[in-house]
*Asks:* 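Structure below; questions to follow.
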Amino acid sequence: MLEARLVQGSLMKKVMEAIKDLIDIGNFEFSSTGFMLTDMDPNRFSVMEFFLHSAGFDHYHCDRNLSFAMNLHNLAKILNCAADDDILTIQAQGDGLAADSITFTLESPNQDKVSKFEMKVKKIDSQQFGIPRTKYQAIFRMPSSEFARICMDLSNIADTVVISVTKEAVKFSARGDIRAATIACMPNTDVDKVEEATLIAVDEPVGLTFALKYMSLFTKATPLADQVTISLSSDQPAVVEYKMAEMGHIRFYLAPKIEEMNTEPLGENEDEMETEPQAESNPPVDTKAKIELWELTSFD
Amino acid sequence: MLEARLVQGSLMKKVMEAIKDLIDIGNFEFSSTGFMLTDMDPNRFSVMEFFLHSAGFDHYHCDRNLSFAMNLHNLAKILNCAADDDILTIQAQGDGLAADSITFTLESPNQDKVSKFEMKVKKIDSQQFGIPRTKYQAIFRMPSSEFARICMDLSNIADTVVISVTKEAVKFSARGDIRAATIACMPNTDVDKVEEATLIAVDEPVGLTFALKYMSLFTKATPLADQVTISLSSDQPAVVEYKMAEMGHIRFYLAPKIEEMNTEPLGENEDEMETEPQAESNPPVDTKAKIELWELTSFD
Amino acid sequence: MLEARLVQGSLMKKVMEAIKDLIDIGNFEFSSTGFMLTDMDPNRFSVMEFFLHSAGFDHYHCDRNLSFAMNLHNLAKILNCAADDDILTIQAQGDGLAADSITFTLESPNQDKVSKFEMKVKKIDSQQFGIPRTKYQAIFRMPSSEFARICMDLSNIADTVVISVTKEAVKFSARGDIRAATIACMPNTDVDKVEEATLIAVDEPVGLTFALKYMSLFTKATPLADQVTISLSSDQPAVVEYKMAEMGHIRFYLAPKIEEMNTEPLGENEDEMETEPQAESNPPVDTKAKIELWELTSFD
């Protein structure tokens with residue numbers, strides 16, 4: 001039996017908005033530690049992991065692990081019915097493995113409106129991607145809205161971004177046929193609000209190329225957290241993490257593109273952006289790879 | 001001769017916005033009691049009736065009944081030119097039956113801008129749908145924005161809504177292929193603002209099925225009134241009424257669908273929503289039917 | 001060498017937004033007096049001229065005239081990256097004639113974000129349209145937002161507008177198949193804010209017909225200035241000018257249509273708006289014509 005109650009029901013609505021364009025069918029897992037929603041994009045280039053601690057719920061009871069797949073677009077439509085102050089309760093009756101429908105209840109704070117939604121789900125075996133934690137060469141944290149803005153701006157110029165991190169700055173570079181851009185963000189902790197800070201921790205300088213299409217999709221999570229933390233190593237998928245205070249997190253993993261960085265002068269490579277990016281240049285995320293997320297203690 | 005002056009000219013603009021997607025050509029009738037605009041949707045499933053008392057105008061002079069048909073999209077374009085504080089004057093010269101164009105004048109409050117629009121109209125014989133008043137089994141009143149929200153939310157789930165009214169609650173239910181929803185609104189008069197109240201008056205409990213497409217179109221009138229009143233009887237068209245204080249009202253009539261309420265468990269009826277709703281399941285509004293609107297004295 | 005620094009970098013962004021739908025490739029000219037951007041629309045019906053005084057820049061150094069053509073859509077995408085308080089620096093290295101790329105740098109006020117954009121340009125010979133200044137029969141100045149509103153409203157009714165100016169009023173008239181409109185704006189200097197004033201100066205009353213499509217495109221410049229000044233003569237292109245305080249201006253030139261004003265009663269000319277406007281009825285702007293802009297001293 002599962003019963004999970006979230007007074008701030010609109011949080012789940014925001015999460016669905018953030019990920020529904022990235023994946024179709026999500027793997028939902030409820031266990032005693034909390035709620036985990038994972039999926040790999042259909043092209044297997046990126047992995048998404050959303051986790052909400054059981055302690056993040058206002059009431060949480062799950063006496064047996066429950067795993068099912070659900071269409072996220074359908075779920076987003078249900079959660080869109082939540083008013084900003086609605087209370088959300090997720091319920092599954094009976095044995096978790098036997099449940100084939102989940103009930104979502106939205107209650108207005110003064111109880112004069114109660115909406116119940118029942119949704120058929122597909123039972124699945126528990127399926128953890130099991131991305132282990134590793135140490136990264138460089139990590140930076142910056143305002144999530146700023147990162148979203150940079151991805152949007154560079155998407156106008158090219159399909160890929162080179163992210164280079166040194167102690168002095170994080171540089172985002174894009175190079176198209178007739179335009180090129182470099183945006184440099186310098187460390188800055190002398191800010192009015194802590195969420196406007198930019199922090200950089202470098203073990204070894206790194207420069208990696210990523211598909212802007214995926215980075216831009218990740219930034220849909222911007223409303224969930226004021227800051228984004230990005231961890232980079234040349235032989236690992238990058239981690240783009242939006243941390244929701246004490247409640248949980250949403251993490252995206254994306255493999256760097258293997259192509260060489262283009263250093264030709266602007267205009268010499270007219271056809272550069274015309275050719276379709278090679279599938280092999282953006283290797284599928286190896287979910288078996290041994291990764292160990294570097295402890296971000298220097299920031300916290 | 002007709003001359004009708006409305007200081008709050010933007011009211012007419014809001015009305016046109018509310019109804020222009022529902023009907024193409026409206027029947028306009030000016031008489032000594034006021035201005036009535038009626039039409040039946042092309043499929044004859046719903047009837048719309050907008051009435052503005054002559055006393056609702058700041059100046060009103062109509063010495064002979066004037067009836068004409070006008071394209072509402074063209075009229076909406078003219079009224080869209082009205083600024084929020086513009087004064088609207090509607091004029092027809094000469095004998096009402098001879099008039100073949102109507103003049104709309106918009107004046108800015110300080111008179112430094114005057115816009116005159118002339119529009120050709122088609123004379124028609126007075127044509128009242130003559131929907132008489134009847135007694136209804138159940139009536140409820142709720143915030144119009146809340147009703148609009150419910151119609152929008154349920155439209156994501158199914159094509160039809162079952163509205164059930166008991167003394168305890170109004171329930172809106174929709175049942176799709178893989179999702180089902182029930183939204184219950186309880187009576188509530190313990191509210192900060194009177195327009196947030198929900199009232200229910202039941203002579204006999206009732207449960208009727210309606211096409212959500214029409215209900216959703218009706219909710220375009222939401223900006224005209226804080227509350228909506230819905231009157232239901234099993235053998236009559238429902239009345240969805242937006243009352244504009246002392247000035248007038250806009251009422252929509254919609255026949256219930258005849259189909260049986262679906263009580264099968266979720267998922268047993270996979271093709272349910274795929275089949276095109278049968279024309280006969282939503283009978284045309286019988287404008288000859290004897291209806292007598294129950295006095296809503298219990299609410300006022 | 002060119003280096004031009006504009007603390008209010010968002011100004012250039014607004015200018016590009018204003019003109020990018022009107023022209024594709026603009027002619028950019030930097031000289032010691034300032035920056036001029038000109039172009040003729042592809043159909044040669046209108047000419048656009050944007051000028052920014054060198055004194056309007058916070059720093060301006062141009063030791064040799066520099067002329068090049070640039071795709072405005074590409075430039076608009078770069079400038080869209082500017083935050084509202086970003087500082088913009090435009091640079092070209094070496095001899096102006098040799099430059100084949102221009103660098104745009106955007107700096108955040110606290111210097112923690114620096115974005116550099118490099119863009120290839122096409123060198124061209126200096127090419128002034130050389131529209132000379134002339135005396136006009138009638139000039140009026142009005143709130144730019146009001147003018148934009150009128151163009152939008154009348155575009156719903158017809159393809160052309162007749163602008164008639166007398167000492168008493170500026171009248172904008174449009175006549176479609178089933179609707180006709182006349183909007184009269186009276187002189188008004190008794191206003192709370194100077195930018196709400198309407199001024200009219202008439203040497204000789206004038207009535208001219210213009211394509212609303214172009215007038216509407218010009219109104220994209222509305223965010224650049226609170227007021228618009230329109231100068232009319234029956235044998236000259238009209239001038240629609242948005243003046244940006246001390247910094248510069250954007251001017252549009254549009255030839256009047258030659259067709260006779262339609263004075264037939266409404267409805268007698270059913271096919272009037274159906275026929276495609278004849279190309280010869282809107283003569284290309286004669287850039288050789290001797291025009292001398294009447295000094296607007298009566299307004300300033």
Side-chain angles (χ1 to χ4, degrees), chain A residues 140-159 161-164 166 168-193 195-200 212 216 262-270 272-273, chain C residues 9-10 12-14 16-17 20-21 23-28 68-94 97-124:
Chain A
F140 61 94
R141 179 181 292 178
M142 64 188 296
S144 57
S145 57
E146 189 63 63
F147 177 64
R149 180 71 202 243
I150 290 170
C151 289
M152 189 182 72
D153 287 347
L154 295 184
S155 295
N156 281 325
I157 291 180
D159 292 343
V161 58
V162 178
I163 305 182
S164 311
T166 61
E168 289 72 32
V170 182
K171 284 191 185 166
F172 302 87
S173 307
R175 172 168 288 268
D177 183 10
I178 53 164
R179 284 173 301 157
T182 298
I183 300 174
C185 296
M186 273 59 86
N188 183 4
T189 55
D190 180 20
V191 288
D192 291 344
K193 297 172 194 162
E195 62 263 29
E196 292 171 357
T198 299
L199 300 165
I200 304 178
L212 269 166
S216 296
N262 178 0
T263 55
E264 295 177 67
L266 196 66
E268 301 295 307
N269 48 341
E270 308 268 332
E272 171 195 11
M273 301 319 306
Chain C
S10 58
M12 203 65 92
K13 174 171 149 184
K14 283 190 204 165
M16 287 309 131
E17 280 306 307
K20 78 177 163 53
D21 293 331
I23 54 183
D24 288 334
I25 309 286
N27 299 325
F28 290 70
F68 53 86
M70 201 188 274
N71 182 302
L72 289 190
H73 276 269
N74 287 337
L75 179 56
K77 281 180 182 171
I78 285 180
L79 293 174
N80 261 336
C81 302
D84 279 350
D85 51 0
D86 272 0
I87 300 157
L88 168 68
T89 305
I90 305 171
Q91 282 165 305
Q93 296 299 332
L97 289 172
D100 65 353
S101 78
I102 303 287
T103 304
F104 296 85
T105 305
L106 297 168
E107 294 165 84
S108 62
N110 65 357
Q111 303 289 321
D112 66 351
K113 182 179 172 192
V114 177
S115 307
K116 268 188 193 295
F117 299 89
E118 198 186 339
M119 191 160 152
K120 279 210 308 187
V121 297
K122 186 163 160 280
K123 282 168 288 181
I124 54 168

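Here is how names work: the chains are called A, B, and so on, in the same order as the sequence lines, proteins then strands, and each is numbered from 1. Only this structure's heavy atoms are used, side chains among them; waters, hydrogens and symmetry mates stay out. The shown structure was predicted, so the numbers you read here are calculated from the model rather than taken from an experiment.
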*Asks:* Quick one: list whatever passes side-chain hydrogen bond (donor to acceptor under 3.5 Å, both in side chains) with A/Glu196, sequence neighbours left out.
*Replies:* none
*Asks:* Output yes when a side-chain donor or acceptor of A/Arg175 lies under 3.5 Å from a complementary backbone atom of A/Val162, and no otherwise.
*Replies:* no
*Asks:* If you look at every heavy atom in C/Cys81 and C/Asp86, which pair is closest and at what distance?
*Replies:* O-OD2, 4.2 Å
*Asks:* Given that the side chain runs from C-beta out, which part of C/Asp112 has a heavy atom under 4.5 Å from chain A: side chain, backbone, both or neither?
*Replies:* both
*Asks:* Under 4.5 Å heavy-atom distance to chain C, tell me which part of A/Asn188 shows up: side chain, backbone, both or neither.
*Replies:* side chain
*Asks:* Taking heavy atoms only and a threshold strictly under 4.5 Å, list by residue number the residues of residues 68-76 of chain C that touch chain A; give 'none' if the list is empty.
*Replies:* C/Asn74
*Asks:* State which residues pass side chain to side chain contact (heavy atoms under 4.5 Å, CB included) with A/Ala148; sequence neighbours excluded, sorted by chain then number.
*Replies:* A/Thr219, A/Thr222
*Asks:* When you measure from the side chain of C/Thr89 to the backbone of C/Thr105, do you find a donor-acceptor pair of N or O atoms at a distance under 3.5 Å?
*Replies:* no
*Asks:* Listed by chain and number, what are the side chain to side chain contact (heavy atoms under 4.5 Å, CB included) partners of A/Pro187, not counting sequence neighbours?
*Replies:* A/Ile200
*Asks:* Take C/Phe117 and A/Ile157, measure what side chain to side chain contact (heavy atoms under 4.5 Å, CB included) needs, and give me the verdict at the end.
*Replies:* CA-CA 10 Å; C/Phe117 299 89; A/Ile157 291 180; 3.6 Å; yes
